[in-house]
Amino acid sequence: GAGVSQSPSNKVTEKGKDVELRCDPISGHTALYWYRQSLGQGLEFLIYFQGNSAPDKSGLPSDRFSAERTGGSVSTLTIQRTQQEDSAVYLCASSLERHTIHFGPGTRLTVT
Amino acid sequence: DAKTTQPTSMDCAEGRAANLPCNHSTISGNEYVYWYRQIHSQGPQYIIHGLKNNETNEMASLIITEDRKSSTLILPHATLRDTAVYYCIVPVNSGGYQKVTFGIGTKLQVIP
């Protein structure tokens with residue numbers, strides 16, 4: 001079946017602009033995660049949505065970052081007033097309850 | 001959180017078994033050990049997971065010590081395509097869902 005998809009695959013934006021990154025999880029998956037990975041670094045947890053519960057936002061680096069998940073399916077990660085240090089690959093993943101997580105291909109964000 | 005500790009890097013000759021260790025001494029009785037890997041420029045890929053018994057699938061074997069404080073991922077015949085960063089993870093059970101955070105992992109280099 002279809003895996004996790006993300007769009008766009010690449011995004012170049014000017015410093016100070018806002019960006020929205022989209023994630024379509026695997027149908028029926030109740031948990032959704034956002035991570036980011038800077039060049040040559042490990043995965044940094046950002047946020048995860050768990051069913052109908054309040055999301056765990058403990059990994060969001062600043063209040064410029066926000067995410068929502070509409071209808072328990074599609075999620076959007078928004079970065080306001082982008083900075084150069086926001087340049088990274090943003091990875092989305094989803095899973096069923098207590099099952100393995102499946103990653104999307106990521107969105108490569110470049111802030112110039 | 002059940003923290004994991006892995007060596008930063010390892011080398012393995014092509015065709016030989018790659019044995020990747022992981023310590024998780026604070027693991028709880030109902031927490032699983034998961035292994036993922038990330039090949040350059042791709043999203044992480046699930047490999048295997050286990051609770052107490054050894055596990056084997058088409059990709060790898062997982063050996064968990066009797067006290068569950070450590071485990072070893074075994075790639076029986078490493079190929080150049082197995083060069084990747086390998087992550088050992090013990091997800092935190094949170095309200096029936098798993099919060100998955102990634103450490104630095106082990107960078108495995110398979111040498112021709």
Side-chain angles (χ1 to χ4, degrees), chain A residues 3-7 9-10 21 23-26 28-60 69 72 88-110, chain B residues 1-9 20 22 27-51 55 57-60 62 73 83-109:
Chain A
V4 177
S5 61
Q6 293 185 245
S7 60
S9 55
N10 280 285
L21 312 180
C23 172
D24 285 86
I26 293 173
H29 278 193
T30 48
L32 186 145
Y33 308 77
W34 283 98
Y35 296 84
R36 77 174 174 183
Q37 189 169 33
S38 301
L39 188 63
Q41 303 297 310
L43 278 79
E44 176 186 4
F45 166 79
L46 297 177
I47 185 171
Y48 94 113
F49 297 88
Q50 41 181 6
N52 294 322
S53 303
D56 180 342
K57 304 180 181 182
S58 60
L60 294 179
R69 188 178 185 192
V89 175
Y90 288 81
L91 290 157
C92 176
S94 70
S95 73
L96 285 170
E97 180 178 333
R98 299 179 74 118
H99 279 64
T100 60
I101 61 175
H102 301 264
F103 282 84
T107 293
R108 182 175 298 279
L109 175 66
T110 303
Chain B
D1 290 10
K3 182 180 173 181
T4 62
T5 306
Q6 300 176 252
T8 306
S9 64
L20 293 95
C22 179
I27 194 170
S28 298
N30 62 347
E31 290 177 333
Y32 283 74
V33 180
Y34 280 75
W35 284 82
Y36 288 80
R37 74 179 182 184
Q38 188 175 25
I39 295 171
H40 183 61
S41 298
Q42 298 181 22
Q45 174 192 26
Y46 164 79
I47 301 173
I48 198 167
H49 73 285
L51 183 63
E55 301 288 344
N57 62 21
E58 64 279 3
M59 289 182 70
L62 176 60
L73 178 75
T83 292
V85 178
Y86 287 77
Y87 297 98
C88 168
I89 295 162
V90 177
V92 174
N93 292 326
S94 173
Y97 293 86
Q98 300 191 65
K99 180 176 178 179
V100 179
T101 54
F102 287 74
I104 297 173
T106 296
K107 182 168 180 148
L108 175 68
Q109 181 72 48

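Chain letters run A, B, ... following the sequence lines, proteins first, then strands; residues in each count from 1.
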Report, as yes or no, whether the 6.0 Å neighbourhood of atom CG on A:Leu60 holds more than 12 heavy atoms from other residues, nucleotides or ligands.
-> yes

Residues, nucleotides or ligands: over 12 heavy atoms within 6.0 Å of A:Arg69 CZ | yes

Residues that B:Tyr36 engages under ring pair (Phe, Tyr, Trp, His ring centres under 6.0 Å), provided they are two or more places apart = B:Tyr46, B:Phe102

So what's closer than 4.5 Å to chain B heavy atoms on A:Glu44: side chain, backbone, both or neither?
-> neither

A:Tyr35 vs B:Val100 side-chain heavy atoms within contact, under 4.5 Å = yes

So do B:Pro44 and A:Leu91 actually touch side chain to side chain, heavy atoms under 4.5 Å?
-> yes

State which residues pass side-chain hydrogen bond (donor to acceptor under 3.5 Å, both in side chains) with B:Trp35; sequence neighbours excluded, sorted by chain then number.
-> none

Can you say whether B:Gln38 sits under 4.5 Å from chain A via the side chain, the backbone, both, or neither, judging by heavy atoms?
-> side chain

Rounded to the nearest 0.5 Å, the CG atom of A:Leu43 sits from the OH atom of B:Tyr87 at a distance of 5.0 Å

